[in-house]
Number of protein chains: 2
Amino acid sequence: MRVNLANIWVVLNETRYPENIGAAARACCNMGITKLAVVCPERLDRSRILKMATHEASHLVENMLLFHDLKEALSGFNFVAGTTARTGRHRLPTHGPRQLARTVAPISQVNKVALLFGSENSGLTNEHLEMCQAIVTIPTAGFSSINLAQSVMILCYEMFCACTETTKRAPRLATLQELEGMYRHLSEMFCAVGLVNPQHPSYWLHLARRFLGRCHLKSKEIRLIRGLCRQVLRTVNCMKQKRL
Amino acid sequence: MRVNLANIWVVLNETRYPENIGAAARACCNMGITKLAVVCPERLDRSRILKMATHEASHLVENMLLFHDLKEALSGFNFVAGTTARTGRHRLPTHGPRQLARTVAPISQVNKVALLFGSENSGLTNEHLEMCQAIVTIPTAGFSSINLAQSVMILCYEMFCACTETTKRAPRLATLQELEGMYRHLSEMFCAVGLVNPQHPSYWLHLARRFLGRCHLKSKEIRLIRGLCRQVLRTVNCMKQKRL
């Protein structure tokens with residue numbers, strides 16, 4: 001699937017700190033989200049925003065839309081997901097970011113989607129959340145107050161992952177034949193260097209099988225191990241001959 | 001299952017900005033990670049760190065360990081995962097944060113795990129990455145330079161998610177110190193049997209690190225490999241003496 005995040009917007013409502021707008025822009029840019037809107041920011045200091053956005057994300061800041069009313073800002077969207085740390089009553093059921101992203105990724109291919117974030121102090125109110133089609137809460141271990149730009153990052157990261165999710169290919173492993181060839185070679189080396197337990201001649205090979213058996217070896221690694229065996233055998237044989 | 005992140009440390013190497021240490025501490029605290037270590041920070045301005053950490057995460061900053069050498073900082077860990085944006089050659093295969101977290105969550109139940117992050121400018125060098133058992137790259141959409149504290153957040157978030165869903169128990173792994181001892185021993189053996197490439201003297205050691213680094217070695221297996229090294233060295237030396 002081609003990654004298409006063109007319909008996903010990050011909408012920041014009533015932000016206090018310009019630095020958080022900049023850091024959010026950078027996070028969006030990292031994760032392929034190019035649309036940013038701010039609604040009633042307390043301060044809109046471009047230089048402080050741009051400093052945190054870094055040069056790479058400055059185009060997001062330049063093209064950022066500014067609104068003075070949340071309802072107006074959201075009016076053109078087909079789907080709005082609001083983030084909140086609180087899980088009060090009278091609200092929609094809340095999703096985790098991953099679950100939300102998996103729901104929203106296909107929706108976003110043909111619909112305009114807003115990821116909505118509230119202010120640093122008070123988050124989104126019930127009134128704001130009423131405008132949302134989904135509510136998302138980032139799971140935390142007790143201390144639930146996540147920095148605004150960090151929350152933006154987690155949501156954008158999950159959106160990016162969900163939009164790129166494909167069946168990843170596992171590496172190609174060595175064949176059994178290659179493995180057995182390696183074990184024969186190892187066994188020969190163990191003998192050559194005197195690693196033989198008379199009570200239990202295959203003791204070392206046994207250990208090697210147990211260890212290497214669980215390593216999911218690739219052909220290249222088999223060749224590496226056999227290269228070592230070959231070199232040890234060559235060294236030992238060469239020395240024996242010189243001794244004769 | 002009870003969420004147990006007590007064995008997971010965030011280790012920040014050569015950070016430039018105290019604010020990033022503070023923001024990382026807050027992110028750790030959000031996600032239930034309570035152990036933080038810094039290695040050779042450029043500046044260690046407590047007030048700037050604490051401002052970003054917020055009051056809730058100040059205990060992480062108070063209990064943060066400070067090291068002057070990365071090897072020393074990592075020596076007691078059983079598993080080190082290094083983060084990098086670059087995907088160069090001659091390295092371990094890289095994981096995504098989710099895949100890594102799912103591997104590491106069970107391991108962390110009985111082993112000390114480090115999530116290692118490099119400096120804001122240059123990240124982790126190849127030399128740093130050689131000390132890692134896994135390499136993790138956060139997926140991005142082109143602009144791959146993620147703010148340090150944002151990277152910490154994504155890794156901690158994934159660890160928290162994975163630890164809340166994990167049930168598997170992992171074996172106890174060897175420490176970094178044991179691993180490094182084994183690599184020294186292997187290097188000695190490679191020399192003894194003439195496995196030295198004059199153009200690139202550490203070529204074989206490099207391959208060994210790449211292969212063994214991903215095998216999640218236990219102490220017993222380290223002893224097995226060192227036993228082999230010892231025996232090869234003994235055989236070769238013994239033959240040399242007889243030749244004289």
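Protein chains get the first letters and strands the later ones, always in sequence-line order, with residue 1 at the start of each.
Lys35(B) places none of its side-chain heavy atoms less than 4.5 Å from the side chain of Asn63(B).
If you check the side chains of Tyr157(A) and Glu158(B), you find a donor sitting under 3.5 Å from an acceptor. Side-chain N/O atoms of Gln109(B) and Asn7(B) include no donor and acceptor closer than 3.5 Å. When only modelled atom types and interatomic distance are considered, Thr15(B) and Glu120(B) share no side-chain donor-acceptor pair under 3.5 Å. Side-chain contact of Arg26(A) with Ser145(B): a donor-acceptor pair under 3.5 Å is present, judged by distance alone.
Ranked by heavy-atom pairs shorter than 4.5 Å toward chain A, the options Ser144(B), Pro97(B), Cys238(B), Cys156(B) are led by Pro97(B). For the set Ala23(B), Gly32(B), Cys29(B), the entry with the most heavy-atom pairs within less than 4.5 Å of chain A is Cys29(B). For chain B, the option among Cys215(A), Ala57(A), Ala141(A) with the highest count of heavy-atom pairs below 4.5 Å is Ala141(A). Ranked by heavy-atom pairs under 4.5 Å with chain B, the first of Leu207(A), Leu212(A), Ile33(A) is Leu207(A). The most heavy-atom pairs under 4.5 Å with chain A, out of Asn30(B), Leu228(B), Thr235(B), come from Asn30(B). Listed options Ile138(B), Asn147(B), Ile146(B) were ranked by heavy-atom pairs under 4.5 angstrom with chain A; first place goes to Ile146(B).
The structure places CD of Glu178(B) at 8.0 Å from CG of Asn78(B), a figure rounded to the nearest 0.5 Å.
Residue contact with chain A, scored on non-hydrogen atoms closer than 4.5 Å, involves the backbone and the side chain of Arg98(B) alike. Heavy atoms closer than 4.5 Å to chain B are found in the side chain of Arg210(A), but not in its backbone. The part of Phe160(A) that comes within reach of chain B is its side chain, from C-beta onward, which places non-hydrogen atoms under 4.5 angstrom from that chain. Residue contact with chain B, scored on non-hydrogen atoms closer than 4.5 Å, involves the side chain of Ile154(A) exclusively. Both the backbone and the side chain of Gln150(A) come within less than 4.5 Å of a heavy atom in chain B. Both the backbone and the side chain of Leu217(A) come within less than 4.5 Å of a heavy atom in chain B. Both the backbone and the side chain of Ala149(B) come within contact range of chain A, judged by heavy atoms closer than 4.5 Å. In this structure, chain A has a heavy atom under 4.5 Å from the side chain of Thr54(B), while its backbone stays farther away. Only the side chain of Met189(B) comes within contact range of chain A, with at least one heavy atom under 4.5 Å from a heavy atom of that chain. Contacts between Gln231(B) and chain A at a heavy-atom distance below 4.5 Å involve backbone atoms as well as side-chain atoms.
Checked for salt-bridge contact, Arg209(A) and Glu180(A) meet the test: a charged N lies under 4.0 Å from a carboxylate O.
Between Cys28(B) and Val152(B) the shortest heavy-atom distance is SG-CG1, 4.2 Å. Summarising the geometry of Phe211(B) relative to Ile225(A), their closest heavy-atom pair is CE2-CD1, 3.8 Å, with the distance given to 0.1 Å.
For Thr137(A) (side chain) and Thr84(A) (main-chain N/O), a donor-acceptor pair under 3.5 Å exists by modelled atom type.
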